[in-house]
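Report on one structure; see the data block that follows.
Counting begins at 1 with the first residue of the sequence. The structure presented is a predicted model; accordingly, all values stated were derived computationally and were not measured.
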Amino acid sequence: MTYGSPALRRAVLLANQTIPEAGLAQLTWGNVSGIDREGGFYLIKPSGVAYHDLTEDHLVPVDLATGKVLAGDLRPSVDSESHRAFYLAWPSIGGVTHTHSTNAVAFAQAGRDVPVLGTTHADTFNGPVPVTRTLTPEECATDYELNTGRVIIETIGDDEAAAAIPAALVANHGPFTWGATPQKSVEHGIILEAVAEMALKTLALNPNAATPPHLQERHFKRKHGPGAYYGNPTA
Ligand SMILES: O=C(CO)[C@@H](O)[C@H](O)COP(=O)(O)O
């Protein structure tokens, strides 16, 4: 049995291939998934498969309710349980991306949020991109990936909060991003890496740099508020 519409299979493959194209991870690090909510499953990158070898037939269908593989011999990404936790917690999302992009990982390893220092950040993230607390020894010892998902949900909050800030940094690990589609989730990963690099350089020039709240709010509303037109030719 083939799981996923041709459109979903193509979208998840292309989103995964965007990770190395955008320089968001080395080797086989990172992974992207996309969900079929009516079918009750998601497609995710198989574990350890090189991006340049990846085909639609490699994508692993995973049951949303149980986390079990529904077809094929390949193992899902080690991060599958984190993806599944987000799909269960946030009904509006359609895709999840995990990367090891350098500047975002630097913030995750330093235990620092990515601050809002300009409109580039505010256009996509309506506030600092938070770093989670460190997982406890018990959380690391059992169900690490599920607990990684849980600590991000604990940090971000509900579905509305996840739409306002579609990204988080797992302490000492790296970024997860999400969005309405697989491609949107990886685009948020690209933007996160860009604003993390900008923030690092800005703070090196001026450790007291900050964005006035009114500027942050205006820019986020311009792109996401009622009647938003920015980047939306049909609005
Ligand atoms: O964050 C991690 C591991 O900590 C992952 O990104 C791996 O680096 C890739 O694992 P697979 O998706 O290939 O299982």
Side-chain angles (χ1 to χ4, degrees), residues 1-20 24-25 28-100 139 142-163 166-168 170 173-190:
M1 177 179 177
T2 300
Y3 283 85
S5 67
L8 177 63
R9 292 160 65 81
R10 186 88 184 125
V12 175
L13 176 66
L14 290 179
N16 272 286
Q17 291 172 335
T18 304
I19 285 186
L24 297 179
T28 65
W29 302 343
N31 37 75
V32 183
S33 67
I35 191 167
D36 177 333
R37 289 200 180 272
E38 279 185 26
F41 66 89
Y42 57 94
L43 298 177
I44 192 166
K45 179 182 175 288
S47 188
V49 174
Y51 287 101
H52 54 72
D53 290 334
L54 201 58
T55 70
E56 291 177 12
D57 291 335
H58 288 141
L59 299 176
V60 181
V62 178
D63 183 81
L64 178 62
T66 65
K68 294 199 180 315
V69 172
L70 294 169
D73 301 325
L74 293 174
R75 289 170 52 228
S77 164
V78 294
D79 298 305
S80 182
E81 280 295 275
S82 303
H83 291 234
R84 188 166 76 91
F86 302 146
Y87 288 128
L88 291 171
W90 300 325
S92 302
I93 69 170
V96 176
T97 290
H98 171 49
T99 82
H100 283 240
E139 289 171 327
T142 55
D143 295 324
Y144 171 79
E145 287 78 18
L146 178 57
N147 288 321
T148 293
R150 284 170 173 163
V151 77
I152 288 177
I153 295 162
E154 169 194 303
T155 304
I156 290 290
D158 62 14
D159 201 38
E160 187 178 348
V170 181
H173 183 170
F176 281 81
T177 54
W178 48 88
T181 65
Q183 193 57 31
K184 265 299 175 194
S185 73
V186 75
E187 282 176 10
H188 290 153
I190 292 169

Residue pair Met1, Leu70: steps toward the side-chain contact (heavy atoms from CB on, under 4.5 Å) verdict: CA-CA 9 Å; Met1 177 179 177; Leu70 294 169; over 6 Å; no
Test item: Arg84 and Leu64 side chains (from C-beta on) under 4.5 Å apart, heavy atoms: yes
Straight-line distance of Leu43 CG to His58 NE2, nearest 0.5 Å: 14.0 Å
Leu8 vs Tyr3, side-chain contact (heavy atoms from CB on, under 4.5 Å): CA-CA, chis, key distance, verdict: CA-CA 9 Å; Leu8 177 63; Tyr3 283 85; over 6 Å; no
Parallel, tilted or perpendicular, as decided by the 30° and 60° cut-offs, for the rings of Tyr42 and Tyr87: tilted
For Ile19 against Gly30, the heavy-atom pair lying closest together: CD1-C, 4.2 Å
Verdict with reasoning, Phe176 to Ile156, per side-chain contact (heavy atoms from CB on, under 4.5 Å): CA-CA 11 Å; Phe176 281 81; Ile156 290 290; over 6 Å; no
Contact summary for Pro20 and Gln17, nearest pair of heavy atoms: CD-O, 3.3 Å
Reported NE2-to-CG distance for the pair His98 and Asp79, which is rounded to 0.5 angstrom: 4.5 Å
Donor-acceptor pair, side chain of Arg10 and main chain of Ser5, under 3.5 angstrom: no
For the student: nearest non-hydrogen atoms of Gly149 and Ala85, plus distance: CA-CB, 4.2 Å
With sequence neighbours excluded, residues passing salt bridge (Lys or Arg N to Asp or Glu O under 4.0 Å) with Asp73: none
For Leu14 against Thr18, the heavy-atom pair lying closest together: O-OG1, 2.8 Å
Short side-chain to backbone donor-acceptor contact, Trp178 and Phe86, under 3.5 Å: no
Donor-acceptor pair, side chain of Asp159 and main chain of Ser92, under 3.5 angstrom: yes
Main-chain N/O of Gly157 paired with Trp90 side-chain donor or acceptor, under 3.5 Å: yes
Donor-acceptor pair, side chain of Thr177 and main chain of Ser185, under 3.5 angstrom: yes
pair Val60-Ser33: side-chain heavy atoms closer than 4.5 Å: no
Residue pair Val62 / His83, side-chain heavy-atom distance below 4.5 Å: no
Spacing of Thr99 atom OG1 and Ile190 atom CD1 [to the nearest 0.5 Å]: 9.5 Å
Within-4.5 Å side-chain heavy-atom neighbours: Ile93 and Arg37: yes
Approximate separation, where rounding is to 0.5 Å, of His173 NE2 and Tyr144 OH: 5.0 Å
Shortest non-hydrogen contact between Pro182 and Gly94, atoms and distance: CD-O, 3.8 Å
Asp36 side chain to Gly4 backbone, donor-acceptor under 3.5 Å: no
Gap separating the CG atom of Leu54 from the CG atom of Leu59, nearest 0.5 angstrom: 5.5 Å
Interatomic spacing from CG in Leu146 to CG in Leu88 - rounded to 0.5 Å: 9.5 Å
Step-by-step side-chain contact (heavy atoms from CB on, under 4.5 Å) determination, Val78 to Glu145: CA-CA 7 Å; Val78 294; Glu145 287 78 18; 4.3 Å; yes
Pairwise side-chain contact, Thr97 with His188, heavy-atom cut-off 4.5 Å (strictly under): no
